[in-house]
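A quick write-up on the structure given underneath.
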Amino acid sequence: MSKQQIIWDQDLIEKYNYSGPRYTSYPTALEFHEVFTAAEFDMACTQYPERNLSLYVHIPFCHTLCYYCGCNKVITRHAHKADEYLDALEHEIRQRAYLLRERNVTQLHWGGGTPTFLTKAQISRLMTLLRQEFRLSPDAEISIEVDPREVELDVLDHLRAEGFNRLSIGVQDFDKDVQKAVNREQDEGFIKAMVERAKVLGFRSTNLDLIYGLPHQNGETFAKTLEQVLAMKPGRLSVFNYAHLPQLFAAQRKIKEDTLPSPREKLAMLEQTISTLTGAGYQFIGMDHFALPDDELAVAQREGILHRNFQGYTTQGDCDLLGMGVSAISMIGDCYAQNQKELKKYYQQVDEQRHALWKGVMLDGDDLLRREVIKSLICNFSLDKRVIEREFNVDFDSYFAEDLGLLKCFIDDELVAVDADTITVTLKGRLLIRNICMCFDTYLRDRARQQQFSRVI
């Protein structure tokens with residue numbers, strides 16, 4: 001893709017670089033509440049029986065602690081802890097499958113923690129259970145997150161034999177000083193070998209995760225990491241902004257603040273990353289995601305059918321998403337629901353109630369309408385007002401009069417163009433897509449709540 005995909009405007013980026021949600025859902029998880037009941041969840045499971053199903057399984061264990069991490073995880077080196085977890089997970093999976101086993105499962109993702117904490121036998125046990133309880137489509141997209149430090153190369157062969165066809169490998173940075181500072185030392189040669197092995201085994205796509213804003217990073221060192229990554233030619237790249245929130249995540253207190261790059265240095269790293277990756281032929285999908293033009297994500301975006309859920313950008317937005325395991329989130333029917341976040345509570349509740357539901361929210365008509373507007377903008381950088389009007393039986397301009405008023409400063413700054421039929425995010429506006437979506441977020445009208453989000457860039 002040679003044509004320009006982003007226009008970098010430093011002044012505007014600095015002007016709008018305030019806190020805001022990432023919109024993996026609308027309403028966001030801040031709106032979930034504990035009044036939400038198991039009966040509401042069960043009803044949501046029967047709401048759209050014709051929809052395909054996407055499954056998410058959370059494996060919380062990691063062998064070692066990465067200091068930057070804000071994920072829900074349990075640090076241990078005891079493999080038997082995973083057996084105990086799989087016992088509880090089996091109860092939950094069987095219970096959840098009861099209402100959904102007729103659905104066609106077109107997507108399955110294992111996240112964490114570190115799913116490859118599991119042994120080959122444990123991986124097979126869980127896959128066998130999922131195939132028994134659900135109807136996995138023969139061409140389902142089956143993906144897993146991999147920590148390259150604690151895995152043998154032949155685990156990829158085992159994963160492929162079990163049906164996995166997509167990998168996501170955590171790289172973060174190849175610089176040794178950066179790796180030491182975040183307690184994540186790993187071997188570049190091994191990661192290279194993994195990417196090669198995945199190609200040989202016929203994995204459909206390999207995603208590499210990077211993080212910018214880590215201790216000791218600067219433009220020069222990160223440019224080297226990008227060079228090493230590009231030599232591997234992964235199908236997809238995620239380049240995340242490190243949010244330093246030591247008051248929320250205890251592990252981050254081990255990171256010395258005076259070793260972190262300044263906000264201006266971070267922005268320079270992001271600018272350089274976008275320029276390097278788009279210059280090397282990657283398509284900017286949005287926010288922190290890039291894909292080669294022939295990757296399914298890139299194709300879906302060009303065709304205007306890209307979607308977004310709790311795992312980020314996806315090609316399968318017409319699915320219901322069922323999350324299983326500690327802290328997992330579901331988007332099912334017209335509801336969102338989250339499982340217990342603490343492992344002890346998860347075990348206790350699955351044992352006593354056969355489900356792990358902690359909190360959730362039912363979406364009303366206004367939520368569904370705004371969710372569609374935000375999704376269209378964040379995935380496709382454009383919106384057809386007439387499509388929204390037909391689907392939701394509203395007059396767009398009058399229904400969203402207040403929201404369009406809030407868009408005015410973005411229009412004046414040439415970040416958004418609005419005409420009678422469409423809203424289009426300009427090349428200058430693409431990096432500020434979260435801010436633009438915030439104009440349609442009624443829950444955010446109380447500006448004080450922005451404190452709870454990370455900066456948009």
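With respect to Lys192 and Glu196, no salt bridge is recorded, no charged nitrogen being found less than 4.0 Å from a carboxylate O. The pair Arg184-Asp173 does not meet the salt-bridge criterion, since no charged nitrogen lies less than 4.0 angstrom from a carboxylate oxygen. Ion pairing between a basic and an acidic side chain is recognised when a charged N comes within 4.0 Å of a carboxylate O; Lys385 and Asp397 show such pairing. Comment: Glu296 engages Arg166 in a salt bridge, judged by a side-chain N to carboxylate O separation of less than 4.0 angstrom. Taking 4.0 Å as the cut-off between side-chain N and carboxylate O, Asp288 and Arg22 count as a salt-bridged pair. Ion pairing between a basic and an acidic side chain is recognised when a charged N comes within 4.0 Å of a carboxylate O; Arg197 and Asp157 show such pairing. Look at Glu92 and Arg354 and you find no salt bridge, because none of the NZ, NE, NH1 or NH2 atoms lies under 4.0 Å from a carboxylate O. Using a cut-off of 4.0 Å between Lys/Arg side-chain N and Asp/Glu carboxylate O, Lys359 and Glu34 are scored as not salt-bridged.
Under the 3.5 Å distance criterion, the side-chain polar atoms of Thr46 are matched with a main-chain donor or acceptor of Met43. Side-chain atoms of Lys233 do not come within 3.5 Å of backbone N or O of Ala231 as any donor-acceptor pair. Distance alone, capped at 3.5 Å, places no donor-acceptor pair between the Glu145 side chain and the Gly111 backbone.
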Chi angles and distances behind the salt bridge (Lys or Arg N to Asp or Glu O under 4.0 Å) call for Glu50, Arg103: CA-CA 7 Å; Glu50 73 288 350; Arg103 302 271 198 107; over 6 Å; no

Derivation of the ring-ring contact (aromatic ring centres under 6.0 Å, His included) call for His63 and Phe117: CA-CA 7 Å; His63 291 97; Phe117 179 94; 4.5 Å; yes

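Under the 30°/60° scheme for interplanar angles, the aromatic rings of Phe222 and Tyr212 are found to be tilted. Between Phe400 and Phe440, the angle of the ring planes goes over 60°, which puts this pair in the perpendicular group of the 30/60° scheme. Taking the six-membered ring where tryptophan is involved, the planes of Phe36 and His33 are perpendicular, since the angle between them exceeds 60° and thus also 30°. Between Tyr336 and Phe32, the ring-plane angle classifies as tilted under the 30° and 60° cut-offs.
With rounding to the nearest 0.5 Å, the separation of SG in Cys319 from CG in Asn52 is 5.0 Å. For the atom pair OH (Tyr98) and NE2 (His355), the distance works out to 15.0 Å, reported to the nearest 0.5 Å. If you take CD1 on Ile211 and OH on Tyr68, they are separated by 4.5 Å, rounding to the nearest 0.5 Å. The CD atom of Gln316 sits 11.5 Å away from atom CG of Leu306, with the distance rounded to the nearest 0.5 Å.
Considering every non-hydrogen atom in both Asn380 and Gln301, the closest pair reads OD1-O, 4.0 Å.
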